[in-house]
Amino acid sequence: MQKDKAGQEIEAFGWIDRIRNLGGLVFVDLRDRTATLQIVIDPKDIPAAKELGLQDCILALGKVRERPGAQKNPKMTTGNVELEVSKIEVLGKSKVPPFVVESDVKANEDLRLRYRYLDLRREPMQQAIIFRHQIITAMREYLNKNDFIEIETPILTRSMPEGARDYLVPSRLYKGKFYALAQSPQMYKQLLMVAGFERYYQIARCMRDEDPRHDRQPEHTQIDMEMSFVDEEDVVTIAEGMFAHILKTVSNQELNTPFLRLTYKQVIERYGTDKPDLRFEMEIIDVKEIFKEKNFPPFKDKQEIRGLVIKDGGAISRKEFDTLNEQAKELGLAGIFWCKRDEKFSGSIAKLMDEDIAAELKLEKGDLLVISAGDDKVFSFLGSLRNDIATKLKLHKQGFEFLWVYDFPLFELDKETETYAPCHHIFSQPKQEDIKYLDTDPLKVHGRLYDLVCNGNELASGSIRNHNRQIQEKLFGIVKMDPTKYTMLLDALEYGAPPHGGIAPGIDRIVMVLAGLKSIREVIAFPKTTTAQGLMENIPDQVTPQQLKDLHIKTD
RNA sequence: GGGGUCGUAGUUCAGAUUGGUUAGAACGCCUGCCUGUCACGCAGGAGGUCGCGAGUUCAACUCUCGUCGGCCCCGCCA
């Protein structure tokens with residue numbers, strides 16, 4: 001819809017975004033998914049112009065004409081032209097919308113979700129959904145080009161509740177028996193490798209009955225992929241190539257590959273999280289050697305004494321420190337201690353400080369040192385503080401900071417139940433050199449696992465899998481999982497299973513991060529709330545007694 | 001399951017500390033005027049169970065307790 005169309009007769013279909021009624025002349029902004037076009041109606045010829053309302057769906061027929069100089073609108077992509085209307089047809093009259101449908105929407109999110117079809121008319125939502133489409137298209141292009149084939153796997157599958165809680169589906173034909181909605185295509189994609197497809201992918205919906213968050217939904221979509229005859233390097237290279245292709249395609253950006261790699265141990269010690277945000281520095285530092293000799297009672301006999309140096313940290317108030325101190329103590333830590341360097345040292349540990357220490361810590365004038373001490377919880381505590389401070393002080397650089405986190409432990413100890421739990425998932429292969437610890441000290445076993453992190457978000461998770469039944473059974477045994485639920489996989493591993501591995505980047509999060517949005521709900525057409533409800537569909541909802549009877553279900 | 005926060009015209013918010021006359025604004029809506037607007041303008045108007053329920057009080061949008069709902073966080077998310 002540009003100047004070159006001037007003079008042409010066209011039909012314009014769209015929705016009314018704005019009406020400017022000047023009495024003898026009516027301007028209407030007509031929007032479709034590609035653009036907004038100003039149409040001009042003379043109400044003497046077309047009295048219906050007076051009846052038009054916001055969000056009406058109309059057809060406008062007329063002639064495109066170039067606007068005279070001063071009437072051009074450089075803020076509109078179609079601002080050099082307008083449509084001189086000869087006929088209007090209202091195709092779908094709109095009631096007065098419950099909120100004003102505009103880019104900079106004022107309505108709260110619950111109202112937007114209740115009328116999602118109106119919310120989705122807004123330009124930022126249209127852009128996000130189209131952006132998502134472009135990303136998925138780029139993913140498919142890249143994988144197709146690299147000899148992957150797309151295969152669908154069942155949504156209706158077997159309950160495997162050892163991971164997340166399952167959404168269960170009662171069986172009508174078999175009283176008291178249940179299907180479960182797939183939490184992931186994990187089992188099937190491994191079986192596809194056994195079946196010899198070598199390279200598979202799928203846009204896979206995954207359903208997990210756990211509480212949603214700003215970056216988590218009861219159902220999410222991942223680009224699930226698996227490859228045979230590969231090691232970590234092959235999978236990582238494919239994934240990096242895919243992200244590079246996406247960035248190139250959707251925003252013409254070059255991505256530097258290979259990405260940075262850090263071990264799990266490194267990211268925990270330096271950033272206090274397994275998904276660090278590298279858009280700012282401020283690493284956690286080890287100050288135990290410096291302070292352990294200071295005879296400061298709170299630090300006495302503490303396993304860890306760690307801190308952060310906050311450049312220009314003056315913006316942290318005394319009250320905020322009190323709150324942090326409370327939080328630290330609730331975690332069983334010694335609290336939080338601080339020292340500000342101005343003309344001299346001030347703060348709760350000022351008297352422990354001297355110029356030598358300041359020099360060693362590179363604590364310059366205006367900087368703030370915060371320290372906590374205790375067990376390994378200091379890392380997550382300081383890690384979360386690190387993120388909060390960065391947000392408060394606006395330390396985030398522009399752009400995307402990708403990194404791989406690898407060398408995860410295969411198991412973690414659940415301190416309450418004194419049992420081992422899979423740190424990631426139980427199908428990952430132990431590192432060869434750690435297999436000897438499987439029987440003696442499982443916590444020492446590292447997995448052939450890799451997570452892709454970007455700007456503090458876990459975007460993908462993958463591993464090299466077990467293709468040996470005995471190893472896989474041993475892993476089930478360590479975490480007390482029932483191997484009979486996985487018979488189909490275990491059996492398949494005995495029929496010439498190839499070595500294989502894969503990865504599953506989460507599409508919702510990728511779109512969210514690449515679009516610079518704060519909530520996954522902004523890139524999903526019809527999301528659930530953080531209470532797992534569909535406000536538009538009004539779900540979950542009751543069903544009829546007959547439905548329950550068919551399914552052999554009694555409720556309280 | 002736990003913590004924080006918010007809930008007042010259709011919508012987004014103010015008002016609430018210090019309980020008291022008619023609960024305001026903007027956008028949207030309705031009516032009128034207006035032929036070059038593009039966040040059009042101008043004039044007028046309608047629109048409120050102050051989330052819900054109890055309590056305190058002569059009197060509650062305001063205070064107390066409970067409850068419901070949204071969002072954020074912890075738990076949880078192999």
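Chain letters run A, B, ... following the sequence lines, proteins first and then strands; every chain starts at 1.
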For atom [atom1], what is the distance between [N] and [M], given to the nearest Å?
N     : M     : atom1 : answer
B:C38 : B:C42 : P     : 11 Å
B:U64 : B:G75 : P     : 31 Å
B:G69 : B:C52 : C1'   : 10 Å
B:C27 : B:G41 : P     : 8 Å
B:C71 : B:C65 : P     : 25 Å
B:C68 : B:U22 : P     : 35 Å
B:G66 : B:C30 : P     : 45 Å
B:A39 : B:G45 : C1'   : 23 Å

How do A:Lys44 and A:Gly53 order along RNA chain B: which one's closest nucleotide is nearer the 5' end? A:Gly53
If you assign each of A:Thr529 and A:Arg165 to its closest nucleotide in RNA chain B, which residue comes earlier from the 5' end?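 Nearest-nucleotide comparison on RNA chain B picks A:Thr529.
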Would you classify [X] as touching base, sugar-phosphate or nothing, given that sugar-phosphate means primed atoms plus P, OP1 and OP2, and contacts are heavy atoms under 4.0 Å?
X        : result
A:Glu102 : nothing
A:Arg65  : base
A:Arg521 : sugar-phosphate
A:Ser519 : nothing
A:Leu54  : sugar-phosphate
A:Lys518 : nothing

Is it true that [Y] and [X] share a donor-acceptor pair across their side chains at a distance under 3.5 Å?
X        : Y        : answer
A:Arg121 : A:Gln55  : yes
A:Gln429 : A:Arg448 : yes
A:Arg386 : A:Ser384 : no
A:Ser159 : A:Asp166 : yes
A:Tyr188 : A:Gln190 : no

Can you give one letter per nucleotide of nucleotides 1-16 of chain B, going 5' to 3': B for a protein heavy atom under 4.0 Å from the base, S for sugar-phosphate only, - for none? B--------SSS----
What one-letter contact string describes nucleotides 37-44 of chain B from 5' to 3', where B marks a base within less than 4.0 Å of any protein heavy atom, S marks contact via sugar-phosphate atoms alone, and - marks no contact? BBSB----
Can you sort out the partners of [X] under ring-ring contact (aromatic ring centres under 6.0 Å, His included), two or more places apart, ordered by chain and number?
X        : answer
A:His467 : none
A:His396 : A:Phe280
A:Tyr264 : A:Phe408

Please confirm whether the shortest side-chain N or O distance from A:Thr530 to OP1 or OP2 of B:C72 is below 4.0 Å. yes
Phosphate OP1/OP2 of B:C71 contacted by A:His214 side-chain N/O (<4.0 Å): no
Set out, line by line, the N/O atom pairs under 3.5 Å between protein and nucleotides 66-68 of chain B.
none

Is any N or O donor-acceptor pair between the side chain of A:Arg216 and the base of B:C76 shorter than 3.5 Å?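 Answer is yes: a donor-acceptor pair is held.
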Go ahead and name the base partner of B:G20; Watson-Crick or wobble counts if both distances stay under 3.5 Å, otherwise write none.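 Because both required distances fall under 3.5 Å, B:G20 counts as paired with B:C58.
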Counter-base of B:C27, judged by Watson-Crick or G-U geometry with both distances under 3.5 Å: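 Its partner is B:G10.
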Taking the side chain from A:Arg31 and the backbone from A:Trp15, do they hold a donor-acceptor pair closer than 3.5 Å?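 No; zero donor-acceptor contacts below 3.5 Å.
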Is the backbone N or O of A:Ser463 less than 3.5 Å from a side-chain atom of A:Tyr450, with the two atoms forming a donor-acceptor pair by type?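 Yes.
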Kindly indicate whether a cation-pi arrangement holds for A:Lys189 with A:Tyr200, taking the cut-offs as under 6.0 Å to the six-membered ring centre and within 45° of the axis. no
Strictly below 4.0 Å, N to O, side chains only: are A:Arg208 and A:Glu219 in salt-bridge contact? no
Looking only at non-hydrogen atoms, find the nearest pair between A:Asp508 and A:Thr221 and report the distance.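 Of all heavy-atom pairs spanning A:Asp508 and A:Thr221, the closest is OD2-N, 2.9 Å.
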Return the nearest nucleotide to the side chain of A:Arg208; candidates are B:U35, B:C77, B:C72.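 It is B:C77.
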